[in-house]
Protein chains: 2
Amino acid sequence: MATLIAPSNHSPQEDAEALRKAFEGWGTDEKTVIVILGHRTVYQRQQIRRVYEEIFQEDLVKRLESEIKGDFEKAVYRWILEPADRDAVLANVAIKNGKNYNVIVEIATILSPEELLAVRRAYLNRYKHSLEEDVAAHTSGHLRQLLVGLVTSYRYVGDEINPKLAQTEAEILHDAVKEKKGSYEETIRVLTTRSRTQLVATFNCYREIHGTSISKKLVDEGSDEFQRALYTAIRGIKDPIKYYEKVVRNAIKKVGTDEDALTRVVVSRAEKDLKIISEVYYKRNSVLLEHAIAKETSGDYKKFLLTLLGKED
Amino acid sequence: MATLIAPSNHSPQEDAEALRKAFEGWGTDEKTVIVILGHRTVYQRQQIRRVYEEIFQEDLVKRLESEIKGDFEKAVYRWILEPADRDAVLANVAIKNGKNYNVIVEIATILSPEELLAVRRAYLNRYKHSLEEDVAAHTSGHLRQLLVGLVTSYRYVGDEINPKLAQTEAEILHDAVKEKKGSYEETIRVLTTRSRTQLVATFNCYREIHGTSISKKLVDEGSDEFQRALYTAIRGIKDPIKYYEKVVRNAIKKVGTDEDALTRVVVSRAEKDLKIISEVYYKRNSVLLEHAIAKETSGDYKKFLLTLLGKED
């Protein structure tokens with residue numbers, strides 16, 4: 001369930017004109033930007049971009065970049081892009097920063113196979129490189145194998161599972177992930193090629209055999225990048241909602257707040273399942289997500305996030 | 001350039017009825033099967049399948065399988081499928097046989113990125129597994145890394161190349177492939193992620209630096225499966241026409257003839273570039289391809305292949 005509140009009918013032309021007016025004169029009228037863009041679906045936003053360019057002969061995205069600043073700008077920028085294009089940008093930033101590979105794992109494990117394909121297509125269009133090409137060029141060893149395997153996967157989507165395989169592969173995961181014995185090759189194969197349904201069956205087998213969840217105590221202070229990526233992959237496949245709740249929780253909890261992570265989850269999920277993530281957050285933390293966010297953010301950035309959460313005044 | 005000769009207008013209904021008539025009574029009228037199906041484009045063949053099923057309430061492909069036999073049946077069966085579906089079948093047979101991985105390398109390196117994607121989609125539909133899932137489950141080590149990397153690739157298609165990268169990566173290939181020193185990891189990365197244009201530039205650099213083609217003397221009697229797959233990948237990327245010419249040449253030269261390989265090339269390329277392959281074959285062997293094939297094959301199988309070559313009487 002989405003949190004975004006958008007009118008069923010809107011006039012792209014009126015929106016474009018109101019935005020243009022908000023940019024004109026001294027300073028920017030941020031409120032208008034928030035009120036309009038924070039209440040439009042992905043389709044409506046693309047219409048506004050198109051009409052804006054037609055009327056004013058300039059790129060709305062570029063204009064926004066020059067008008068607003070900081071976390072607010074980042075959030076609006078990510079929001080106005082089409083989802084596949086946004087994820088391509090997020091992936092590229094993660095590759096360049098060279099340490100936030102969990103963003104890549106998140107995209108690769110949580111999106112549907114067709115959505116992931118759309119991201120790869122958008123990435124090619126933007127950067128004239130393939131996503132896997134850039135991932136592979138910046139990593140090595142098991143980390144490369146895992147990440148490239150994840151971003152290039154095109155998994156079977158369907159209910160057919162093989163229970164025997166789930167048992168065998170639960171043990172493969174156990175040996176490598178918990179016992180840390182043997183090679184990671186087989187673990188990478190299982191996690192990068194099996195369908196989500198099959199993997200969930202495998203994780204359930206794991207719990208039945210070993211009495212504990214596979215994602216429990218998988219990483220600690222001493223874990224390396226590969227192990228953290230493995231952990232993210234398992235959690236992203238196992239339960240996307242719980243995964244996102246934890247990303248938001250950690251982002252808020254962090255000293256200084258991790259705005260990038262917070263923005264990413266709100267912007268990526270506001271039209272999808274942010275309502276459910278927010279409910280799970282409340283159950284886990286006994287604090288409403290909007291209150292927690294309001295406490296840790298400020299200004300237009302705060303207003304914009306709360307608008308996407310469907311909670312502005 | 002294609003070799004297939006097909007009428008620009010045909011009646012799918014008349015074709016379906018003529019085929020049905022060819023199946024009826026004692027024995028099958030193979031000549032009609034060849035005359036009709038051997039002269040229809042992929043689109044026309046799919047129309048015939050659809051209309052045949054509508055009129056006679058049976059699957060034309062299944063009926064054909066029960067009517068004809070041997071290499072002829074295999075060739076007609078492969079021919080009547082849509083290209084992506086055919087390649088999915090070829091890949092699956094190769095995985096099951098467990099030793100003809102060059103078919104998989106061929107599909108993954110010669111098809112365009114979108115065509116390869118269509119094969120992966122067709123594979124999923126047919127087998128309820130992903131192509132990479134089955135490849136990975138049947139292989140290990142470097143062979144797995146190479147094959148999975150190739151079949152999951154979605155390469156940049158465009159003219160932009162990075163000449164400096166071509167030089168660096170020519171040396172990476174040289175060290176691993178010729179000197180056999182260091183790990184194959186980087187070689188696999190380069191071959192599975194770079195665009196075809198970039199790789200051709202890299203191979204050209206290789207030749208300039210080392211005075212010899214990268215594919216020269218790459219494999220010998222002692223080469224293992226991985227090295228053979230690597231060799232096939234390099235040749236498929238480097239020059240598909242020359243690659244196919246050699247596949248056909250070896251298939252014909254082989255004691256007893258390799259009908260599977262011969263059928264694969266004729267059926268896969270008859271609507272694409274079989275004319276050029278055939279010209280290159282003639283230059284290389286001073287024998288017309290149709291004569292060479294006619295000498296090594298017989299009966300309906302021979303007639304069918306020659307029809308696809310545009311050379312029946």
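Reckoned from all heavy atoms, side chains included, excluding hydrogens, waters and symmetry mates. Residue numbering restarts at 1 for every chain, and letters A, B, ... go by the order of the sequence lines. Worth saying up front: this structure is predicted, and the values here are computed from it rather than measured.
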Original post:
Yes or no on side-chain contact (heavy atoms from CB on, under 4.5 Å) for A:Val89 and A:Tyr127, after CA distance, side-chain angles and deciding distance?
Top reply: CA-CA 9 Å; A:Val89 170; A:Tyr127 305 108; 3.8 Å; yes

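- For NZ of B:Lys242, the number of neighbouring non-hydrogen atoms (other residues, nucleotides, ligands) closer than 6.0 Å is 12 at most.
- At a cut-off of 3.5 Å, with distance as the only test, a side-chain donor of A:Asp134 or A:Tyr123 sits close to an acceptor on the other residue.
- Other residues, nucleotides and ligands place no more than 12 heavy atoms under 6.0 Å from the CG atom of B:Asp159.
- Most heavy-atom pairs under 4.5 Å with chain A, from the set B:Ser153, B:Gly149, B:Pro113: that is B:Ser153.
- Chosen from A:Gln198, A:Glu160, A:Arg194, A:His129, the residue pairing most often with chain B at heavy-atom distances under 4.5 Å is A:Arg194.
- B:Tyr243 and B:Glu106 form a side-chain donor-acceptor contact under 3.5 Å, judged by distance and modelled atom types alone.
- Of the two parts of B:Glu169, neither the backbone nor the side chain holds a non-hydrogen atom closer than 4.5 Å to a non-hydrogen atom of chain A.
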**OP:** Could you please spell out the steps behind the salt bridge (Lys or Arg N to Asp or Glu O under 4.0 Å) verdict for A:Lys272 and A:Glu115?
**Re:** CA-CA 13 Å; A:Lys272 291 183 167 176; A:Glu115 285 170 335; 3.5 Å; yes

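- When the candidates A:Asn125, A:Val135, A:Val148, A:Leu117 are compared by the number of heavy-atom contacts under 4.5 Å with chain B, A:Leu117 comes out ahead.
- For chain A, the nearby part of B:Arg155 is the backbone; its heavy atoms alone come within less than 4.5 Å.
- With chain A as the partner, the residue from B:Arg144, B:Glu185, B:Glu186 showing the most heavy-atom pairs under 4.5 Å is B:Arg144.
- Both the backbone and the side chain of B:Glu132 have a heavy atom closer than 4.5 Å to some heavy atom of chain A.
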